[in-house]
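Presented below is the structure to which this report refers.
Values below: all heavy atoms of this structure, side chains included; hydrogens, waters and symmetry mates excluded. Convention: sequence-line order gives letters A, B, ...; per-chain numbering from 1.
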Amino acid sequence: MTDAAASPDKITGPTPDTAIRDAERADGPMVAADGRPLKQSLNRALRRQKMRALALIAPLLLFILLTFLIPIGQMLFRSVENQIVTDTLPRTVVSISDWDAAGGEPPSQEVFADFARDLTLAAEQRMHTRLGSRLNYEQPGISSLFRQAGRGMTDMGEEVMESLVAAEPAWEEAQTWVDLFGTPDWQAENADWLVLKDEGGMRFSIPPPEFEFRPEAREALPRTADAFADFELFSRVDDIESVAEETPWPLVHVSLAEDLAANPGAVEAFDGETRARLEAVLPVAEAEMPFDYRAAFAEMDEDWLEVSFWETLQTFSTPFTSGYFLTAADRKLTADGVQMVPEDQRIYGTLFLRTMVMSLGITLSCILLGYPVAWLLANLPLRTANVLMILVLLPFWTSLLVRTSAWKVLLQQQGVINDLLVWLNIISDANRLVLINNQTGTIIAMTHILLPFMILPLYSVMKTIPPSYLRAAKSLGATNWTAFWRVYFPQSVPGIGAGSILVFILAIGYYITPEIVGGTRGVFISNRIAFHISTSLNWGLAAALGTILLALVLVLYWLYDRIVGIDNVKLGG
Amino acid sequence: MKMTKLLMTTTALTLAAGVSFAQDMESPVAGEPMADDLTFVSWGGAYQNSQQQAYVVPYLEMNPDVSISWDERSAEAVANLRAMFEADNVTWDLVDVVASDAIRLCDEGLAMEVDHDEILAPAPDGTPASEDFGDLIVSDCYIPQIVYSTTFGYRTDVEAWGDNVPQDVCAVFDLETFPGQRSLERRPINNMEWALLCDGVAKEDIYDVLETEEGVQQAFAKLDTIKDQVVWWNAGADTPQLLADGEIVMGSTYNGRLFSAIVEQDQPIEMLWDAQVFDLDGWIIPADLPEERLNRVLDFLWFATDTQRLADQAAYISYGPARASSAPLVGTHAELGVEMAPHMPTAPENSQNIFVYNYEWWADYRDDLDAQFQAWLAQ
């Protein structure tokens with residue numbers, strides 16, 4: 001290779017880079033052999049090269065993207081996502097935004113009316129219990145409130161429906177409602193669909209045609225149309241039934257009465273039989289209104305009138321929330337801003353700190369125990385070293401659970417170690433050592449389990465340090481210690497670095513071993529994450545805790561890079 | 001079809017003379033197309049084995065084409081099912097869960113709501129399933145199989161106790177009469193109730209008291225008195241092992257685990273049946289199963305939850321059958337020949353003082369109390 005080729009700036013002729021610049025500088029566009037402008041033609045060649053390179057790494061890129069980045073991203077996204085509230089209660093979150101909790105009164109009838117409608121649809125779609133579990137994370141007791149509401153909502157407004165039906169029995173017929181709102185076109189289409197369904201039998205699954213409202217009917221009875229649209233959506237999508245087959249929910253009747261009471265002139269928008277039916281219920285509607293939604297909810301459960309419930313709902317009505325992160329930091333989002341949770345509920349700060357400190361301790365004890373072993377491995381004759389190597393690797397091939405359980409047998413108070421110490425009269429029978437179900441247990445078991453991760457990188461680095469260096473140092477007058485500390489040790493630091501990173505990062509993510517031997521004070525933050533993933537099902541909180549843990553690792557990694565330098569890490573020769 | 005029916009009737013006759021009514025009836029899906037490969041989810045170990053022996057083996061004899069594989073992940077069933085639904089790929093057909101998990105799965109819409117009288121066989125005397133199971137149907141999605149209880153076992157050879165023998169659950173809190181380490185589960189459920197019970201709160205008021213901040217503090221204060229003598233367990237096998245090793249002198253666990261330690265392994269351990277907390281184990285069907293798989297599951301369930309099958313299960317494990325009509329049919333242990341009825345948590349002499357666990361209350365307060373409980377443990 002010549003010097004010129006090594007430094008492109010010194011090339012005098014056109015290169016792919018300079019050619020474009022030259023071409024731009026020239027008076028006219030420079031043209032390639034095929035008559036295209038040179039710039040275009042070069043760009044194309046470059047692009048093709050890049051595409052080819054990309055195509056080569058595409059499988060790997062896709063694999064990493066699909067199996068690693070997307071799942072992690074999705075999990076992290078859960079830590080802020082809160083769309084279930086806006087999705088399930090779209091009307092309520094809008095109307096509750098004006099309510100002021102400081103007044104000490106539950107929200108207005110309008111909010112309760114919106115809530116009744118949202119909740120009816122949610123209950124029919126069986127979404128209400130999911131919302132209940134979500135809000136229960138913020139305030140205990142909400143989940144059963146929502147669970148009970150599932151049964152209550154289908155009956156809400158039944159008295160109004162009964163009196164409407166008493167005045168005009170036709171309002172109990174599904175067909176009356178179809179006549180009220182449906183266009184003739186839709187009715188014809190629906191009749192065809194009903195015939196199909198009759199022939200289809202049990203396994204029929206084609207949804208009925210989408211409902212078409214008559215515009216003038218919708219305008220005359222806006223609330224009713226709105227409520228009926230919910231009912232129609234549910235019948236069509238979830239029940240695969242036509243609205244012509246079932247009477248609407250009682251709340252649709254309540255909406256009709258409300259519309260008629262608010263605007264008796266609405267009946268003029270209709271004619272024929274429908275008008276007569278509307279006129280027949282007009283006096284009843286006026287007598288029954290206004291409908292007391294609050295009282296209807298209070299009848300289901302007094303707790304619906306609790307200000308604290310509405311406060312929680314209002315606070316968590318945004319599609320994204322910082323709530324999970326705040327919980328993970330032992331804080332709480334309330335109507336008056338962020339507050340610390342009561343002292344007897346603060347656990348996450350302690351756990352994060354404990355995880356970090358204990359992982360550091362485990363890393364240190366791995367260095368202390370692993371260094372001499374690695375040194376032996378690197379300096380013994382090959383045959384002996386191989387035997388030792390197998391001893392190091394053997395635990396690697398044993399199940400983690402088996403190893404951890406073995407520690408249980410060894411460490412417990414009636415266990416092997418204590419028995420031996422008592423037998424040797426080192427400790428008395430009454431003062432057996434507590435070595436398990438506390439931090440000591442976690443540190444001992446995890447040091448043992450993670451030790452190979454320290455020994456292997458150390459060994460591979462030490463293997464590359466020529467023994468002649470030590471001999472040279474000694475021949476120049478260094479003591480054993482000086483030779484080791486000034487000559488050998490500095491060269492083995494990259495191995496310590498690599499081992500420490502491996503051990504530390506593995507340690508802060510461990511949860512099986514601490515769970516088994518850690519008791520109450522030797523468990524890590526990962527145990528809480530596992531608990532929220534599989535037991536409490538609060539995945540949002542688990543994601544927030546995971547995100548914080550990930551961020552902490554990255555920060556430590558960055559610190560490590562600043563202090564030790566990541567170039568100083570070697571996993572092999 | 002006729003063949004199956006014939007086989008069914010004959011098996012029923014050979015297995016249980018005298019039980020004829022239920023088995024003569026066909027499952028509601030008989031004759032429909034059915035899938036042949038199913039995946040059931042259970043807890044592994046002796047319990048899953050009892051299901052295999054009592055339900056699956058006889059069912060496979062009648063339906064040789066069917067193959068059933070087990071997945072031992074009931075402990076994480078709710079989280080796994082939720083993940084499967086999010087990925088839109090539900091590979092499980094029938095899942096064994098405890099009652100509280102069934103309520104949550106039902107709440108989340110992950111389990112199918114069932115009409116118990118329609119899909120389950122009536123009792124031999126014709127009592128509809130919903131009455132035969134009675135109050136144990138704690139959720140519309142839940143098909144109970146067994147009643148187990150969480151209760152205490154104690155060592156019979158503790159010298160420091162002198163002649164005293166634990167008579168009631170409050171012995172756990174009595175360090176003077178009964179010194180030594182005890183084990184409790186590392187979660188608030190049951191422990192809070194026992195603590196209040198032994199602090200003088202009436203049984204029927206416990207959940208009302210626990211709902212208040214003072215009540216929680218009262219329970220913690222009671223637990224504080226024994227805190228440094230407690231080993232906290234996570235797995236049901238811990239307590240029997242700790243008892244057998246002499247690490248602890250008494251501890252709570254599932255009654256079936258203590259049964260194996262006492263009867264099968266002959267350890268110096270005795271049961272304390274006082275204030276035992278009943279819980280249930282049963283099936284749920286994942287929501288929206290494809291039709292053929294669902295038919296097979298329903299066909300299996302009709303058979304596997306009938307009166308005789310539930311009674312048969314008690315020959316392999318000391319858990320009480322969930323049907324009232326099964327109790328008189330409970331026989332002896334399959335290998336040891338021990339009469340099983342006296343070891344059932346539901347046996348009259350064992351269930352003189354039971355504590356009824358409030359599933360719905362815990363569904364509401366579990367997360368909150370758990371946070372407090374963990375913080376208390378860490379103090």
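- Here the shortest heavy-atom pairing between A:F352 and A:A328 reads CE1-O, 4.1 Å.
- Chain B is approached within less than 4.5 Å, heavy atom to heavy atom, by A:K408, A:Q412, A:Q413, A:Q414, A:G415 from residues 407-416 of chain A, ordered by number.
- Put simply, the side chain of B:W232 never gets that close to the backbone of B:L184: no donor and acceptor are under 3.5 Å apart.
- A cation-pi geometry, defined here as NZ or CZ lying under 6.0 Å from the six-membered ring centre and within 45° of its normal, does not hold between B:R82 and B:F85.
- Taking both residues in full, the closest heavy atoms of B:C141 and B:I284 are given as O-CG2, 3.6 Å, listed atom of the first, atom of the second, then distance.
- In this structure, chain B has heavy atoms under 4.5 Å from both the backbone and the side chain of A:S536.
- Taking every heavy atom of both residues into account, B:V90 and B:P286 meet most closely at CG1-CB, 3.9 Å.
- At a threshold of 4.5 Å between non-hydrogen side-chain atoms, the residues A:K332 and A:L326 do not count as touching.
- Of all heavy-atom pairs spanning A:V434 and A:N438, the tightest one is O-ND2, 3.1 Å.
- Between chain B and the residues A:P140, A:S144, A:G132, the most heavy-atom pairs under 4.5 angstrom are made by A:P140.
- Listed here is the closest heavy atom pair of A:A542 and A:H532: CB-CB, 3.8 Å.
- Residue A:R432 does not touch chain B at all, counting heavy-atom pairs closer than 4.5 Å.
- With a 4.5 angstrom heavy-atom cutoff, A:R521 touches chain B only via side-chain atoms.
- Only the side chain of B:E113 comes within less than 4.5 Å of a heavy atom of chain A; its backbone N, CA, C and O stay farther away.
- Among residues 186-194 of chain B, the residues having any heavy atom closer than 4.5 Å to a heavy atom of chain A are, in sequence order, B:R186.
- For B:E214 and B:Q218, the side-chain atoms include no donor-acceptor pair closer than 3.5 Å.
- We find that B:R104 and B:D101 are joined by a salt bridge, their nearest charged nitrogen and carboxylate oxygen being less than 4.0 Å apart.
- Using a 3.5 Å distance cut-off with no hydrogens or angles, the side chains of B:S183 and B:T239 do pair a donor with an acceptor.
- Contacts with chain A were tallied for B:D368, B:V216, B:N80, B:V230; B:D368 has the most, counting heavy-atom pairs under 4.5 Å.
- For the set B:E247, B:E76, B:E108, the entry with the most heavy-atom pairs within less than 4.5 Å of chain A is B:E247.
- Between chain B and the options A:G141, A:S534, A:S133, heavy-atom pairs under 4.5 Å are most frequent for A:G141.
- Considering all non-hydrogen atoms of both residues, A:L351 and A:R528 come closest at CD1-CG, 3.2 Å.
- The closest side-chain heavy-atom distance from A:Y324 to A:R78 is not below 4.5 Å.
- Interface remark: B:A83 contributes backbone and side-chain atoms alike to the contact with chain A (heavy atom separation under 4.5 Å).
- Two residues are said to be in side-chain contact when any heavy atoms from C-beta on lie closer than 4.5 Å; A:F146 and A:N136 fail this criterion.
- Inter-residue side-chain proximity for A:L433 and A:I417 is flagged as unmet; no heavy-atom pair is nearer than 4.5 Å.
- Heavy-atom distances place the side chain of B:L242, and not its backbone, under 4.5 Å from chain A.
- Contacts of B:D245 with chain A are made by both backbone and side-chain atoms, with heavy-atom separations under 4.5 Å.
- Looking at A:E515, both its backbone and its side chain come within 4.5 Å of chain B, counting heavy atoms on both sides.
- Proximity to chain B is absent for every atom of A:Y348, based on heavy atoms less than 4.5 angstrom apart.
- Of the two parts of B:D370, the backbone and the side chain both hold a non-hydrogen atom closer than 4.5 Å to a non-hydrogen atom of chain A.
- Between B:F178 and B:Y154, every side-chain heavy-atom pair lies at or beyond the 4.5 Å cut-off.
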